[in-house]
**Student:** 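Provided herewith is a single structure, encoded as structure tokens, for subsequent inquiry.
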There are 2 protein chains.
Amino acid sequence: MSGPGRQGGADAPEGASARRRTRSGGPATIYDVADLAGVNPSTVSRALGKPGRVSAKTEARIRAAAAELDFRMNPMARALPTGRTNTLGLVVADITNPMVFGVVRGAEQAASQAGFTLVIAESQESGEAEATAIERILPGVDGMVLATTRLSSERIAQLAGQKPVVLINRAVDGVPSVLPDVDTGVRDLVAHLDELGHRTVAFLAGPTASWMSERRWAALLDAAEQRGIAIVEIGPNAPTIDGGREAYRRLRASHATAAIAYNDLMAIGVMQEAAAHGVDVPGELSVAGFDDIFGSELIVPALTTVRAQLVLAGERAVGQLLAMVGANGHDLPDDLLATTLVVRGSTGPAASA
Amino acid sequence: MSGPGRQGGADAPEGASARRRTRSGGPATIYDVADLAGVNPSTVSRALGKPGRVSAKTEARIRAAAAELDFRMNPMARALPTGRTNTLGLVVADITNPMVFGVVRGAEQAASQAGFTLVIAESQESGEAEATAIERILPGVDGMVLATTRLSSERIAQLAGQKPVVLINRAVDGVPSVLPDVDTGVRDLVAHLDELGHRTVAFLAGPTASWMSERRWAALLDAAEQRGIAIVEIGPNAPTIDGGREAYRRLRASHATAAIAYNDLMAIGVMQEAAAHGVDVPGELSVAGFDDIFGSELIVPALTTVRAQLVLAGERAVGQLLAMVGANGHDLPDDLLATTLVVRGSTGPAASA
DNA sequence: CTGAAAGCGCTTACAG
DNA sequence: CTGAAAGCGCTTACAG
């Protein structure tokens with residue numbers, strides 16, 4: 001009634017007029033394009049598939065016909081004979097964890113830039129759910145990146161035997177992975193606490209199945225030993241704000257003057273619980289985390305943390321994957337991702353014992 | 001060397017022994033299953049496709065064979081004859097905006113619960129990029145949800161003509177959408193500010209193409225007029241922390257005693273800039289936002305905001321979509337999603353003029 | 001450079 | 001209830 005549209009007459013959108021010339025009335029296929037261009041369907045396939053395998057003028061005619069018909073290659077049909085779907089899978093533990101945002105963004109960008117589609121699945125921190133999600137996604141992808149997976153090494157190796165797999169924050173023999181340089185960041189963090197006079201610190205571990213939690217713990221153990229600092233591990237805990245809150249009591253019972261949480265979410269939980277108990281951070285308790293997620297800078301005091309390059313991790317992981325599926329000639333650096341200690345307000349001089 | 005595995009002998013994993021019985025050496029197909037079960041491939045298809053169309057004993061035999069061969073239906077092959085991919089698309093403006101996390105999670109859960117795969121694409125706040133992303137994703141999905149799209153209504157209507165489309169935070173004639181009850185939340189927020197004595201407030205708008213920014217502004221205009229409160233719109237602005245920071249100067253120039261930002265991210269930016277200028281929130285300036293994202297509660301003072309039900313929005317959107325593609329019998333409520341004013345520390349009595 | 005044919009792994013009328 | 005056949009929209013040797 002009001003405004004243009006609805007008419008569908010002379011100036012109808014391309015889509016509408018294009019549809020008329022179609023065999024089935026549905027979207028155009030290479031047969032429709034072939035008809036319009038006056039060539040064999042196989043020639044259309046070649047012209048649109050890889051460039052330069054068809055004479056320039058034929059290709060031009062075909063492209064014109066394709067444009068006119070608003071032709072779009074059917075990815076399912078293409079996948080059948082080739083076995084390649086042009087789709088990559090990304091499975092993350094908890095899509096709600098700010099830590100994964102960076103990974104997802106990096107992965108999505110790298111994938112779409114290469115003309116690949118990204119399918120995403122969430123494991124919800126459960127090995128069961130993760131296995132199911134992978135099962136569902138596997139047949140439709142050319143490869144997948146597993147970020148902070150909770151799967152067993154055996155299962156991962158088995159998956160990697162079926163399709164290209166790249167790991168983020170997890171190492172398994174024979175499976176490529178993108179890993180941060182944990183040691184450097186941890187060493188800096190422990191040095192920082194040492195300088196502040198902390199003699200006993202606690203590590204609030206993540207979930208049992210978290211490889212990265214163990215990795216961080218191992219690095220902390222080394223660094224603390226070297227400096228003669230007492231260190232204890234408390235956990236396992238859920239890698240969430242609530243997990244941090246729940247660990248608070250045991251943390252205080254340990255009499256540690258500084259807490260290092262498996263990730264920023266847990267560190268934030270500890271700070272909230274401290275505030276609820278009237279315990280000053282960093283006056284009475286220093287708190288540090290890992291990752292530097294959105295929010296770590298907002299909380300007061302702002303959180304001291306070991307920053308990870310999450311977007312880069314996502315990018316590199318799909319870069320690797322693309323190389324493995326033969327879709328990419330990029331040179332792939334396989335060094336560890338640098339890690340940075342970001343000192344903010346949540347760490348301070350050790351409370352006098 | 002160390003530990004089990006590598007042998008591939010008698011106790012080899014299912015996958016390995018299964019692969020032997022396969023025609024091509026690759027993954028099993030229905031033909032392999034048919035051979036093993038001694039039936040026609042079409043019977044395998046029926047048995048595994050829809051239940052109860054094959055005799056119980058045949059079905060049992062087929063399932064056993066399928067399990068033995070570790071058979072997984074090839075989704076591409078299935079999609080070709082049926083035209084259905086069992087995949088849904090989700091396109092979001094900025095995957096890095098905490099506001100989308102909830103949507104993604106809700107969508108992913110609803111989709112996977114229905115046995116659907118979720119493909120995700122990011123438009124990066126650009127209509128161009130969004131169009132490209134949609135183009136790339138469209139042929140492979142049964143339908144898509146567009147969250148906070150920047151596309152024109154015409155383009156959206158056209159898309160909706162090709163495949164099922166459900167909108168989140170956007171209304172277009174004839175296209176189903178999941179929308180929050182903006183008016184209620186806004187009314188409560190304005191009442192709250194009125195009670196605190198604010199006589200002039202500013203709205204920091206989002207991007208030009210944001211339907212929701214206009215919607216919120218319209219509701220604010222109504223509510224402010226009714227209460228005789230002066231209101232001005234400042235913008236457009238990027239819907240980010242930086243966007244909020246950049247709007248700060250114009251905000252202060254307006255002499256408004258309270259700022260309502262298009263979203264929480266912008267509100268946080270305003271608060272950061274206020275802090276940088278030594279302006280006390282809420283003593284000298286009240287600030288409020290929309291959505292209640294992760295982080296709004298962490299910042300100090302905590303942010304007063306109009307909470308949206310993001311996870312629910314994601315769930316409902318794919319619920320709708322599933323119904324449209326005929327994959328779901330759920331009854332679909334189409335009421336507006338309730339909105340809640342969450343009063344926290346960032347709003348207080350109006351600074352005396 | 002281009003055509004004609006076979007095949008990718010399923011589904012679905014059509015018979016029986 | 002089950003088989004045999006055709007077809008979904010592409011790609012890719014194989015000829016010419």
Side-chain angles (χ1 to χ4, degrees), chain A residues 21-63 65-66 69-87 138-142 326, chain B residues 19 22-63 65-66 69-87 138-142 326:
Chain A
R21 320 255 191 78
T22 256
R23 240 117 125 150
S24 61
T29 70
I30 56 167
Y31 296 95
D32 301 311
V33 175
D35 282 355
L36 219 196
V39 297
N40 187 281
S42 60
T43 304
V44 174
S45 172
R46 281 190 281 257
L48 267 25
K50 306 191 174 177
R53 297 195 300 162
V54 142
S55 82
K57 58 175 15 171
T58 325
E59 176 166 343
R61 202 142 35 89
I62 291 173
R63 291 205 176 281
L69 295 178
D70 196 24
F71 170 77
R72 240 109 20 116
M73 188 85 79
N74 180 327
M76 321 321 260
R78 163 179 279 215
L80 241 204
T82 61
R84 305 189 66 249
T85 62
N86 262 254
T87 297
L138 197 62
V141 301
D142 291 336
Chain B
R19 197 150 300 172
T22 255
R23 240 119 127 150
S24 61
T29 70
I30 55 169
Y31 296 94
D32 301 312
V33 176
D35 282 355
L36 218 195
V39 297
N40 187 281
S42 59
T43 305
V44 174
S45 172
R46 280 188 283 256
L48 268 23
K50 304 189 176 177
R53 297 195 300 164
V54 141
S55 82
K57 55 172 25 170
T58 324
E59 177 166 342
R61 202 144 32 90
I62 290 173
R63 290 205 177 282
L69 295 178
D70 196 23
F71 170 76
R72 241 109 20 114
M73 189 84 80
N74 179 328
M76 322 319 261
R78 165 180 275 213
L80 240 204
T82 60
R84 305 189 65 249
T85 62
N86 261 256
T87 297
L138 197 62
V141 301
D142 292 336

**Student:** Roughly how far, to the nearest 0.5 Å, is NZ of B:K57 from CD1 of B:I62?
**Tutor:** 13.0 Å
**Student:** List the residues meeting side chain to side chain donor-acceptor pair (under 3.5 Å) with B:R61, not counting sequence neighbours, and say none if there are none.
**Tutor:** none
**Student:** Are A:F71 and A:L48 packed together at the side-chain level, in the sense that at least one heavy-atom pair is separated by less than 4.5 angstrom?
**Tutor:** yes
**Student:** Expressed as a whole number of angstroms, how long is the span from B:L48:CG to C:dT12:P?
**Tutor:** 14 Å
**Student:** Where along residues 37-47 of chain A does a heavy atom come under 4.0 Å from DNA chain D, residue by residue in number order?
**Tutor:**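 When residues 37-47 of chain A is checked for heavy atoms under 4.0 Å from DNA chain D, the hits, listed by number, are A:S42, A:S45, A:R46.
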**Student:** I want to verify a distance call: between D:dG9, C:dC10, D:dT11, whose nearest atom is closest to the B:L80 side chain?
**Tutor:** D:dG9
**Student:** Within the 4.0 Å heavy-atom criterion, would you say A:M73 contacts the bases, only the backbone, or no part of the nucleic acid?
**Tutor:** sugar-phosphate
**Student:** With a 4.5 Å heavy-atom cut-off, do A:L80 and A:R78 have their side chains touching?
**Tutor:** no
**Student:** Using side chain to side chain donor-acceptor pair (under 3.5 Å) as the criterion, list what pairs up with B:T58, not counting sequence neighbours.
**Tutor:**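 Partners of B:T58 by the side chain to side chain donor-acceptor pair (under 3.5 Å) criterion, ordered by chain and then number, come out as B:S55.
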**Student:** In whole angstrom, what separates A:N86's CG from D:dG9's C1'?
**Tutor:**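 Whole-Å distance recorded here is 16 Å.
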**Student:** Using a 4.5 Å cut-off on heavy atoms from C-beta on, say whether the side chain of A:I30 contacts that of A:P41.
**Tutor:**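 A side-chain contact under 4.5 Å exists here.
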**Student:** Does some side-chain heavy atom of A:D32 sit less than 4.5 Å from a side-chain heavy atom of A:L36?
**Tutor:**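 Not in contact.
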**Student:** Between C:dG9 atom P and B:D32 atom CG, what is the distance in whole Å?
**Tutor:**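 After rounding, the gap between these two atoms is 9 Å.
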**Student:** Would you kindly give the CE-to-P distance between B:M76 and D:dT11, to the nearest whole Å?
**Tutor:**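 Going from CE in B:M76 over to P in D:dT11 covers 13 Å.
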**Student:** Expressed as a whole number of angstroms, how long is the span from B:I62:CD1 to C:dT11:P?
**Tutor:**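 B:I62 atom CD1 is separated from C:dT11 atom P by 12 Å.
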**Student:** Please identify each residue that fulfils side chain to side chain donor-acceptor pair (under 3.5 Å) with B:T85, with sequence neighbours left out.
**Tutor:** B:D142
**Student:** Return each pair, listed once, that meets salt bridge (charged side-chain N to carboxylate O under 4.0 Å, His left out) where at least one residue sits in residues 35-44 of chain B; pairs must be two or more places apart or across chains.
**Tutor:** B:R23-B:D35
**Student:** Is the shortest side-chain N/O distance from A:T82 to OP1 or OP2 of D:dC10 below 4.0 Å?
**Tutor:** no
**Student:** Starting at atom NZ of B:K57, determine the distance to atom C1' of D:dT2, rounded to an integer number of angstrom.
**Tutor:** 14 Å
**Student:** Ignoring hydrogens and angles, does a donor from either the side chain of B:Y31 or the base of C:dC8 sit under 3.5 Å from an acceptor on the other?
**Tutor:**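 Checked by distance alone, the answer is no.
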**Student:** Pairs counted only when both distances fall under 3.5 Å, Watson-Crick or G-U: show me the 5' to 3' dot-bracket for DNA chain C, [ ] for pseudoknotted crossings and | for other-strand partners.
**Tutor:** |||.||||||||.|||
**Student:** Could you check how far CG of A:N74 sits from C1' of D:dG7, rounded to whole Å?
**Tutor:** 14 Å
**Student:** Nearest to the side chain of A:I30, heavy atoms from C-beta on, is which of C:dC10, D:dC10, D:dG9?
**Tutor:** D:dC10
